[in-house]
Chemist: 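One structure follows; several queries about it will come next.
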Amino acid sequence: MGFIRDIPYHILKGFLHVVAFMPFWILYGIADIIFVLMYFVIRYRRKMVRKNLAECFPAKGGKERRIIERKFYRNFADYILETIKLMHISDSSMKRRFKFENVEILRRLMDEGRGTVAYFSHCFNWEWCPSVTLYCTEQLAAGALMCQIYRPLRNGKFDSLMLQLRSRFHSVSIPKKVALRSLLQYRRDGIPTVTGFMSDQKPSHGDAVHIVDFLNRRTGVITGTETLARRLGMAVVYFDMHKLGRGKYMIDVRLMSENGADTPEYYLTDNYMQLLQETIERNPSIWLWSHNRWKNTIPDGK
């Protein structure tokens with residue numbers, strides 16, 4: 001019965017494999033169709049996107065915000081096909097399309113046996129970011145690990161599929177609930193790590209909340225990334241995303257702290273949110289505006 005119940009999933013997975021074998025010029029043709037359907041027909045979360053852009057960029061005119069809005073949906077459509085392509089993209093093709101600048105910072109920290117926190121965000125295409133392993137092959141061969149923290153999906157089958165895609169370049173996915181325990185164990189075992197944290201999500205229920213001014217709005221932000229970096233004395237970097245063209249990206253690795261334990265409380269969180277704002281303001285269309293980032297209201301006096 002279980003196999004029969006899973007038939008739709010296996011059919012979908014087989015279809016995605018077929019799509020992933022297609023060359024990029026065909027994939028982007030499909031993405032153009034998805035854009036039209038998503039933006040003009042389904043109007044996927046258009047009210048949410050429009051609201052977020054209006055409140056974050058009140059100084060921009062309506063016409064300018066509409067341009068950003070349409071570019072966002074085009075980038076979103078590209079993101080979908082590019083993520084599927086992870087099933088069958090070669091290492092050489094990925095290195096041509098996704099480059100890392102100042103990656104020697106990560107190499108040095110791993111060579112020194114350090115643990116490193118990498119602040120990242122939902123900027124397109126974040127699913128290609130684990131390809132950083134291709135730029136640190138000597139360190140990985142010597143026993144270092146590249147990791148990313150993730151929140152498991154409710155659907156076990158699709159969670160397994162996404163884990164396969166995210167481990168395409170041999171990085172390790174660590175569930176959020178066991179992040180501290182896992183990184184502590186790696187440190188005890190003497191394993192250097194670089195661990196990516198998507199820290200631009202709204203805080204979950206029960207998370208510690210810090211309030212910052214972000215994109216013209218009072219915003220509650222996650223502090224767990226900073227807490228972990230300070231507690232474990234990890235180095236801290238920021239992955240600054242640049243979209244250079246269709247299917248072409250570059251991350252500038254920017255050092256935030258040699259040792260999180262030496263930073264004042266909230267310094268790392270505040271600095272990260274400022275750097276993220278600069279990334280978004282440089283190219284607003286690459287951030288995930290369809291996410292209800294400001295769903296939780298901020299109580300007065302905070």
Side-chain angles (χ1 to χ4, degrees), residues 8-46 48-49 53 66-100 120-134 148 150-151 153 155 157-171 173 196 198 200-201 239 241-251 279-280 283-291:
Y9 165 78
H10 291 296
I11 292 174
L12 175 60
K13 187 175 180 180
F15 172 73
L16 294 179
H17 274 287
V18 171
V19 172
F21 273 116
M22 295 179 181
F24 274 99
W25 66 270
I26 293 180
L27 292 180
Y28 287 127
I30 297 173
D32 289 340
I33 296 172
I34 291 176
F35 160 70
V36 172
L37 293 174
M38 191 162 43
Y39 186 70
F40 292 104
V41 180
I42 302 173
R43 300 192 173 197
Y44 174 73
R45 295 198 173 187
R46 251 175 61 169
M48 176 61 61
V49 172
L53 287 173
R66 292 297 182 274
I67 292 173
I68 296 171
E69 180 182 294
R70 286 191 290 273
K71 285 183 178 179
F72 160 73
Y73 279 98
R74 287 191 178 277
N75 287 332
F76 199 170
D78 286 356
Y79 154 80
I80 294 171
L81 273 298
E82 289 170 358
T83 301
I84 295 171
K85 185 65 176 177
L86 281 171
M87 288 180 163
H88 296 294
I89 192 170
S90 67
D91 290 1
S92 58
S93 178
M94 180 57 77
K95 284 195 76 172
R96 288 194 304 271
R97 292 177 172 276
F98 203 101
K99 299 182 181 299
F100 284 81
F120 195 39
S121 62
H122 289 87
C123 289
F124 300 121
N125 185 345
W126 66 85
E127 297 291 359
W128 281 10
C129 183
S131 64
V132 65
T133 56
L134 301 176
Q148 59 261 348
Y150 81 105
R151 296 181 181 183
L153 302 176
N155 185 297
K157 292 291 185 181
F158 284 101
D159 184 59
S160 176
L161 176 59
M162 288 305 300
L163 286 177
Q164 290 177 37
L165 296 179
R166 288 168 178 166
S167 64
R168 163 65 182 80
F169 300 102
H170 310 294
S171 60
S173 295
M198 303 288 277
D200 59 337
Q201 303 179 78
F239 281 178
M241 175 70 83
H242 298 251
K243 182 161 187 176
L244 308 177
R246 205 168 197 187
K248 295 182 180 180
Y249 303 89
M250 185 270 285
I251 280 180
T279 299
I280 296 169
N283 184 357
S285 67
I286 66 171
W287 198 49
L288 190 62
W289 293 103
S290 56
H291 176 53

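For clarity, every value in this text was computed on a predicted model and none was experimentally measured.
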Chemist: Please check if the side chain of K85 supplies one atom and the backbone of M22 the other of a donor-acceptor pair under 3.5 Å.
Modeler: yes

Chemist: Using side-chain heavy atoms (C-beta onward) and a distance below 4.5 Å, is Q148 in contact with R166?
Modeler: yes

Chemist: Of all heavy-atom pairs between N125 and Y249, which one has the smallest distance, and what is that distance?
Modeler: N-CE2, 3.2 Å

Chemist: Has S121 got a side-chain atom pairing as donor or acceptor with D200's backbone, closer than 3.5 angstrom?
Modeler: no

Chemist: Taking Y73 for the side chain and Y44 for the main chain, is one N or O donor matched with an acceptor at less than 3.5 Å?
Modeler: yes

Chemist: What pair of heavy atoms forms the shortest contact from F239 to C129, and how long is it?
Modeler: CD1-SG, 3.6 Å

Chemist: Please find the pair of heavy atoms, one from S173 and one from L163, that lie closest to each other, and give the distance.
Modeler: CB-CD2, 3.5 Å

Chemist: Given 3.5 Å as the limit, does a donor-acceptor pair link the side chain of S131 with the main chain of W128, or not?
Modeler: yes

Chemist: Spell out, as yes or no, whether a donor-acceptor pair under 3.5 Å connects the side chain of R168 to the backbone of I89.
Modeler: yes

Chemist: Has R46 got a side-chain atom pairing as donor or acceptor with Y39's backbone, closer than 3.5 angstrom?
Modeler: yes

Chemist: Give the minimum heavy-atom separation between R246 and R97, together with the two atoms involved.
Modeler: O-NH1, 4.1 Å

Chemist: Between the side chains of K243 and N283, is a donor N or O closer than 3.5 angstrom to an acceptor N or O?
Modeler: no

Chemist: Is a donor on one side and an acceptor on the other found under 3.5 Å between the side chain of S290 and the backbone of M48?
Modeler: no

Chemist: State, yes or no, whether a side-chain contact exists between F158 and L12 at a heavy-atom distance under 4.5 Å.
Modeler: yes

Chemist: Do you know which of Y28, F24, F35 makes side chain to side chain contact (heavy atoms under 4.5 Å, CB included) with D78?
Modeler: Y28

Chemist: With a 4.5 Å limit on heavy-atom distance, are the side chains of T279 and H242 in contact?
Modeler: no

Chemist: Got more than 12 heavy atoms from elsewhere within 6.0 Å of NE2, H170?
Modeler: no

